[in-house]
Each structure stands twice: as C-alpha cells, then as structure tokens.
Amino acid sequence: MAISDAVLPKLNAQSPKPSQTGIMVVHKMKMGFIFILTYMCFLTPAHQAQIPRATISDLSFKNMDFAMNLYKKISSYHDKNIFFSPLSISTSFAALLMASDGVTHEELLKGLNLEQLERANQPELIPKLFQLLHENITQNGSVKMDQSMALFMHRQFEVEKEFEDHIKTFFDTEIKTVDFADTKGSIRFINEYIKQKTEDKVREMISSLGAEIQLMLINTIFFQGAWQIPFNPETNLSAPFYIDNYNVVQVQMMVKEDKFYMMEDVSLGAKVLKLPYREGVAMLILLPNKSIDYTVIDDEITAEKFLSWVRRLQKTKLEVTMPKFKLEQSYFLHNLLPDMGMASIFSNSANLTRLSKDGGVKVSEVLHKAVIEVDETGTIAAAATIAGITPYSLPRIFLINRPFFFFIYHEDTNCLLFMGRVIDPTKN
Ligand SMILES: *[C@@H]1O[C@H](CO)[C@@H](O)[C@H](O)[C@H]1NC(C)=O
Ligand SMILES: *[C@@H]1O[C@H](CO)[C@@H](O)[C@H](O)[C@H]1NC(C)=O
Ligand SMILES: *[C@@H]1O[C@H](CO)[C@@H](O)[C@H](O)[C@H]1NC(C)=O
Ligand SMILES: *[C@@H]1O[C@H](CO)[C@@H](O)[C@H](O)[C@H]1NC(C)=O
Ligand SMILES: *[C@@H]1O[C@H](CO)[C@@H](O)[C@H](O)[C@H]1NC(C)=O
C-alpha cells in the first residue's frame, strides 16, 4: 500500500502512526505524478456556478455506472472485502480531464462514462457539474465531509496557468512548488501542509519520496455518518457470521427495531434494506438469500438495478441485526483503469499538454484508499425511535449474518458516495 496508515486514521483517531508503506510508491514513481486518493471527493463549494443544461442527476447516474464497472473489475481480482468511494475516484479524474488532451482525454471521458456530458464549446461543463453536485450534497453543511486536495509540483516543472486557475476554481486546490531534489525537505513540507489542511487528522501523509517526481496530487476526505436511528447500544451480542459453507466467524452484532424501507428482488434472490444516516444520506444493504452465491450477484449489479431497488422500497416493521465492521481498503487504480480503457494516461503516450507543455509527463500511480467504521452511533436517543411501534405485533427479522453488499448514497441526487462488499466483518 502506498499511503501510510496515517492517511486515514480512524474517524476519531488521535495519533495516526506512520508506516513504511509509502516507500513502495515512491520507488515506482518515475515520471509524472502520483495521485493519492484517500477518501472521497474533493470539490469544495466555490462560487455560485450557473446550472448547465446537463444536470447533476445525469452526472450521478454516469458516475454510478462507472462505479459498478470499477466494482466488477475489483471483484474479479479477489473474493475479499471491498470498499471504495466512486465519487472520489470520478472527481479526481475529472481534474485529470482538464489536464488532458487528444487520445488521453477521449479515453478518460469514455472510461469515466462521461462522453455524453462533454460539450465541445463548453470545456468547463464537466468540472462545473462536479462542483454543483458536491455543493448539492454538502448543502447546509449537512453531510460531514472533511476534505482536502493539494498538488505538489517540482519547481522546475512548468504548469499551465489555465490549468492552475481551473483547478483552483472547480476543485479549490492550490498548486504548491516543491524542490523534490531535497527529499527530506519535501516530505516535511508536504506532510506539514496536509496536516494543516486536514486539521491534524493526517499527520504523516508520506514517509518517503522517489527521485524523479514532478507532480503529486494528494486528496483526503473524511466522512462521518451518524445513523438516523442508532442501534441499541446496550445490546452486546456476539453471533456467528457465515462467510461460506466452511467458514464461520464470531462477530459483534448490533440490533435495532423500527420501521425500515426494504424490498425483495425475487429474480436476483436478494433482500434490500435502507438504513438512513442523517443529512439525506443512506446505506443500502443488499443481502443475498442463503442459497445464493454472492459472486452471482457481483455480475448482476448495475446502476439501473440500484435505482430500481431504491424506487421499490417499502416501509416495513423490522428487527435489524447486523455486524459491526470497519473496512480500510486501498486500490492501485493504475493497475485497474487500463483494463477499463484508460491506458494512455499512464503510458509514455500520455497527452497532458493542458497541464504542462513540457513533454513526457504521465501519471505513474493512482492510489485510492477508503475507510469506514460502522457502529451503533446515532444522535437520536434509541428510546425515542421505538415510539410508534405497536407492542403486540412482532417485527420481521432482517438478520445480516452472511456476505452482503452496501452502497452509501445521497438520496436527493442518487449520488453514490461509497460502495462495498463485506465478506468477513472481522477483517479490515
Ligand atoms: C495532444 O492532443 C492534441 C489534440 O489532439 C494535439 O494537438 C497534440 O499534438 C497532442 N500532444 C501530444 C504531446 O500528444
Ligand atoms: C461485550 O461482550 C464481550 C464478549 O462477548 C465482552 O468482552 C465485552 O466486555 C462486552 N462489552 C460490553 C460493553 O458489555
Ligand atoms: C429469497 O428469500 C425470500 C424470503 O426471504 C423468498 O421470498 C424468495 O423467493 C427467495 N428467492 C430465491 C431466489 O430463493
Ligand atoms: C437544507 O436546507 C433546506 C432549507 O433550509 C432544507 O429544506 C433541506 O432539507 C436541507 N437539506 C438537508 C439535506 O438537510
Ligand atoms: C439537489 O439536487 C436535487 C436533484 O437534482 C434537487 O431536487 C435539489 O433541489 C437540489 N438542491 C439544491 C439545493 O440545489
């Protein structure tokens, strides 16, 4: 993994510890720059932008398709837990779109599924849509997402003024000049900058640097979701979780009883449950029937299906039992995206002339790291939420004791913020 553990401390961690993992990255960095994506998107509300004709819902849908494709790519490599932030990844590549031209630009557009939103006479449309989407999601300062993005550039490396302006306007990002020849000084400078930007949450972003770095983009974000209805904090239930026919682990289960939105996808052989966070964000859980192998579901997940589940949810009284879990996952997207048609940006034929007229620039690495902790926490007293339930009717049981999928999305825009799969809740 290329980021130290410190990049994404537990949501409430006090003193993240550095690790040696950063070293691996920098050895691999030759030319171009490395993107360290950590958590989610990095757009910050800037100026009141005009609403373009394409809407943020169009963008959300396109992003979701990209997310599902990426999910399938990741799941084809292993059968472990998965967790990533599609919006973060799309947003970072939206910044790269502004840097690219020619074939590289076309590949990115196609790979990100954004071709239909590109307007030849409106090069700023896509970044503007990302900006608006982010404004919508974080309106009223409701969804808590601490984010930062920074670009570190070798001082000998000439960045186009227009790109610098755009990245400032749409992504609220500064370009910092660094003398990468002074490795120790650069590391200190970058870590200090990130520490400051993340208000001390990330103290040791990097622990080493390679020799030929020209440009480095660092993006951090923290999402803190509190359940609308907290799980009962007094339930301390240890129960089996059936990973497959042969493997069972003991996990800490959380329990809550209330009215929930759920549905059954009979053709898929799975049940869907919505667990609302506060502030217009929800987790959608997809639980395959006992007899259904989750790998079958992997192939069936699409943006269209997701939206149909959301549309068909119905209110039902339920007792929900689910495991506590924490996921911390890293992905080398430069290994995944070429298979999805985005190859040239990582190759010697990368066309990043809008970023710099200096030739030979390419993206060496794209690392995405995401962390989530799912526990009982909510802010409304548990007792209050039970009100309204008729005491004599027994609730149906929704027991999550086998591999499941989850999607965290913004309800107004259907924007997919996170996506994951839990095979073994005892593993990160
Ligand atoms: C990048 O793409 C533009 C537009 O297609 C083209 O004019 C330019 O020559 C390309 N530059 C490189 C270095 O490939
Ligand atoms: C919960 O149960 C575990 C063992 O089952 C125990 O070690 C732990 O102390 C309990 N926690 C609380 C808060 O009761
Ligand atoms: C899945 O289980 C539900 C009951 O929980 C049942 O109604 C449905 O028919 C099952 N589907 C399949 C394909 O087994
Ligand atoms: C944001 O504020 C508006 C008006 O103040 C309110 O209608 C809306 O529900 C709020 N959105 C969220 C997600 O809380
Ligand atoms: C956010 O987007 C949704 C869906 O397009 C829209 O209904 C809502 O009015 C938007 N909210 C704001 C504050 O722009």
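Note that this is a predicted model, so its numbers are computed, not measured. Just follow the structure's listing: the first ligand is 1, and inside any ligand the first atom is 1. The figures that follow rest on heavy atoms only: side chains count, while hydrogens, waters and symmetry mates do not.
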Give the table of side-chain donor-acceptor pairs shorter than 3.5 Å for residues 306-316, with sequence neighbours excluded, one pair per line with atom names and distance.
from	atom 1	to	atom 2	distance (Å)
Ser308	OG	Lys305	O	2.9
Trp309	NE1	Asp265	OD2	2.9
Thr316	OG1	Gln314	O	3.3

For Pro403 and Pro288, work out which heavy atoms get closest and say how close.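 Scanning both residues completely, I find the closest heavy atoms to be O-CD, 3.3 Å.
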
In this structure, is the centre-to-centre distance between the rings of Phe418 and Phe406 below 6.0 Å?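 No, the ring centres sit 6.0 Å or more apart.
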
Are the aromatic ring centres of Phe130 and Phe170 under 6.0 angstrom apart?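 Ring-ring flag for Phe130/Phe170: false, centres at least 6.0 Å apart.
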
Side chains of Ile423 and Asp79 in contact at under 4.5 Å (non-hydrogen atoms): no

How would you list, by chain and number, every residue that makes a side chain to side chain donor-acceptor pair (under 3.5 Å) with Asp299, sequence neighbours excluded? none

Check whether any N or O atom of Thr353, backbone or side chain, sits under 3.5 Å from an N or O atom of ligand 1, and answer yes or no.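 Such a contact does not occur with ligand 1.
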
Listed partners of Phe404 passing ring-ring contact (aromatic ring centres under 6.0 Å, His included), at least two apart: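 Listed in chain order: Phe325.
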
Per-atom contacts, ligand 1 versus Gly102 - under 4.0 Å to a heavy atom: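 Numbered from 1, ligand 1 contributes 2 (O), 4 (C), 5 (O).
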
If you count only heavy atoms, which residues are under 4.0 Å from ligand 5?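 Near ligand 5, by chain and number: Ile56, Ser57, Asn136, Gln139, Asp412, Thr413.
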
